[in-house]
Participant: 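Structure provided below as structure tokens; questions to follow.
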Amino acid sequence: MPGYVITYFPVRGRAEAMRLLLADQGAEWKDDVVPLQKWFAGEVDLKKTAVFGQLPQMKDGEFCLYQSNTILRYLGRKYDLCGSNIKEAAVIDMVNDGVEDLRQKYAGVVYYNREPGPEKYIEELPTHLSPFERLLSQNSKGSGFIAGNKISFADYNFLDMLQNHQHLAPDCLKSFPLMLAYLDRMTSRPKLKTYLESDTRKNCPITLKDVK
Ligand SMILES: N[C@@H](CCC(=O)N[C@@H](CS)C(=O)NCC(=O)O)C(=O)O
């Protein structure tokens with residue numbers, strides 16, 4: 001029986017970065033999938049008991065957490081993925097907050113049909129993505145991780161964000177060689193590769209709109 005249970009809708013969404021982290025760290029987890037229709041019809045008790053009325057929820061045994069970035073940070077502390085000192089930890093937090101900012105813009109357009117709409121968002125993407133190319137160039141000249149000298153929880157969030165954007169706009173990274181090389185390095189990590197190539201992952205829709 002795996003110690004971790006991730007409760008979420010049948011999408012990658014805000015649960016995927018924690019799945020990437022767990023897979024790469026060789027940990028097992030169970031996905032407890034909540035059908036969207038039931039949730040929005042008010043038929044899921046968890047909607048009332050969840051701390052902020054939202055998912056994902058992650059349980060580590062009896063310990064129950066909400067808020068995707070809090071969960072990532074918790075797993076980061078548990079698996080030593082928060083840098084080697086407080087300055088590295090702060091840079092990792094900064095990058096993760098930057099990923100969160102972009103995730104919110106992405107989610108606004110992709111999930112909630114907010115302005116500026118997908119076409120304009122894609123047109124503006126280089127402006128949103130270039131800070132990450134710069135961060136990579138400033139860290140081991142782009143040959144390592146998004147921050148620090150070892151993998152951190154922010155790398156999994158960043159990887160998920162890059163893959164979501166590649167799905168939305170397949171050419172969006174073409175003028176960002178460091179991010180392309182980073183994606184190659186990350187997706188070649190053996191345990192991550194196995195997960196990324198698994199049927200579970202391939203069959204998991206990227207957004208709520210992709211749910212059949
Ligand atoms: N800040 C929260 C946001 C959670 C969130 O927006 N959850 C959405 C799905 S991604 C949700 O539960 N939507 C259903 C609802 O609000 O009832 C986190 O990072 O976990």
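Order of listing sets the numbers, starting from 1, for every ligand and every atom in it.
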Participant: Check if Phe52 has a non-hydrogen atom at a distance under 4.0 Å from any atom of ligand 1.
Facilitator: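 No, Phe52 has no heavy atom closer than 4.0 Å to ligand 1.
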Participant: Determine whether more than 12 heavy atoms belonging to other residues, nucleotides or ligands lie under 6.0 Å from atom CZ of Phe52.
Facilitator: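 Open.
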Participant: Heavy-atom distances under 4.0 Å decide this one: backbone, side chain, both or neither, for Trp39 against ligand 1?
Facilitator: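 Just the side chain.
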Participant: With a 4.0 Å heavy-atom cut-off (strictly under), which part of Gln54 contacts ligand 1: side chain, backbone, both or neither?
Facilitator: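 For Gln54, backbone and side-chain atoms both sit under 4.0 Å from ligand 1.
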Participant: What protein heavy atom sits nearest atom 7 (N) of ligand 1, and how far away is it?
Facilitator: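 Residue, atom and distance for the closest contact: Leu55 O, 2.7 Å.
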Participant: What protein heavy atom lies closest to atom 1 (N) of ligand 1? Include the residue and the distance to one decimal.
Facilitator: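 Residue, atom and distance for the closest contact: Gln67 OE1, 2.6 Å.
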Participant: So is Lys47 touching ligand 1 or not, going by heavy atoms under 4.0 Å?
Facilitator: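 The answer is yes: ligand 1 sits under 4.0 Å from a heavy atom of Lys47.
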Participant: Please could you name the atoms of ligand 1 that Pro56 approaches to less than 4.0 Å, counting only its heavy atoms?
Facilitator: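 Answer, ordered by atom number: 20 (O).
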Participant: May I ask you to decide whether Asp160 forms a salt bridge with Arg19, counting only side-chain N to carboxylate O separations under 4.0 Å?
Facilitator: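 Here Asp160 does not pair with Arg19 in a salt bridge, since their nearest N and O are not under 4.0 Å apart.
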Participant: Report the part of Tyr8 in contact with ligand 1, treating N, CA, C, O as backbone and CB onward as side chain, heavy atoms under 4.0 Å; options are side chain, backbone, both, neither.
Facilitator: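 For Tyr8, the contact with ligand 1 is made by the side chain alone.
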Participant: Measuring from atom CG of Asn69 to atom CZ of Arg14, what distance do you get when rounded to the nearest 0.5 angstrom?
Facilitator: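 Asn69 CG to Arg14 CZ: 6.5 Å, rounded to 0.5 Å.
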Participant: Does this structure show an ion pair linking Lys193 with Glu197, if we count only N-O contacts that are shorter than 4.0 Å?
Facilitator: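 The answer is yes: the pair qualifies as a salt bridge.
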Participant: Can we say Lys59 and Asp32 salt-bridge, meaning some charged N sits less than 4.0 Å from an Asp/Glu carboxylate O?
Facilitator: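 Salt bridge flag = no for Asp32 with Lys59.
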Participant: Report yes or no: does Phe9 have a heavy atom closer than 4.0 Å to ligand 1?
Facilitator: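 Phe9: in contact with ligand 1 (<4.0 Å).
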Participant: So, are Arg189 and Asp24 salt-bridged, with charged N and O less than 4.0 Å apart?
Facilitator: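 Counted as a salt bridge, because a side-chain N and a carboxylate O are separated by less than 4.0 Å.
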Participant: Is the shortest distance from a Lys or Arg side-chain nitrogen in Glu115 or Lys120 to a carboxylate oxygen in the other one below 4.0 Å?
Facilitator: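 Salt bridge between Glu115 and Lys120, a charged N being under 4.0 Å from a carboxylate O: no.
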Participant: Suppose we measure from atom 19 (O) of ligand 1 to each protein heavy atom; which comes out shortest, and what is that distance?
Facilitator: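 Its nearest protein heavy-atom neighbour is Ser68 OG, 2.5 Å.
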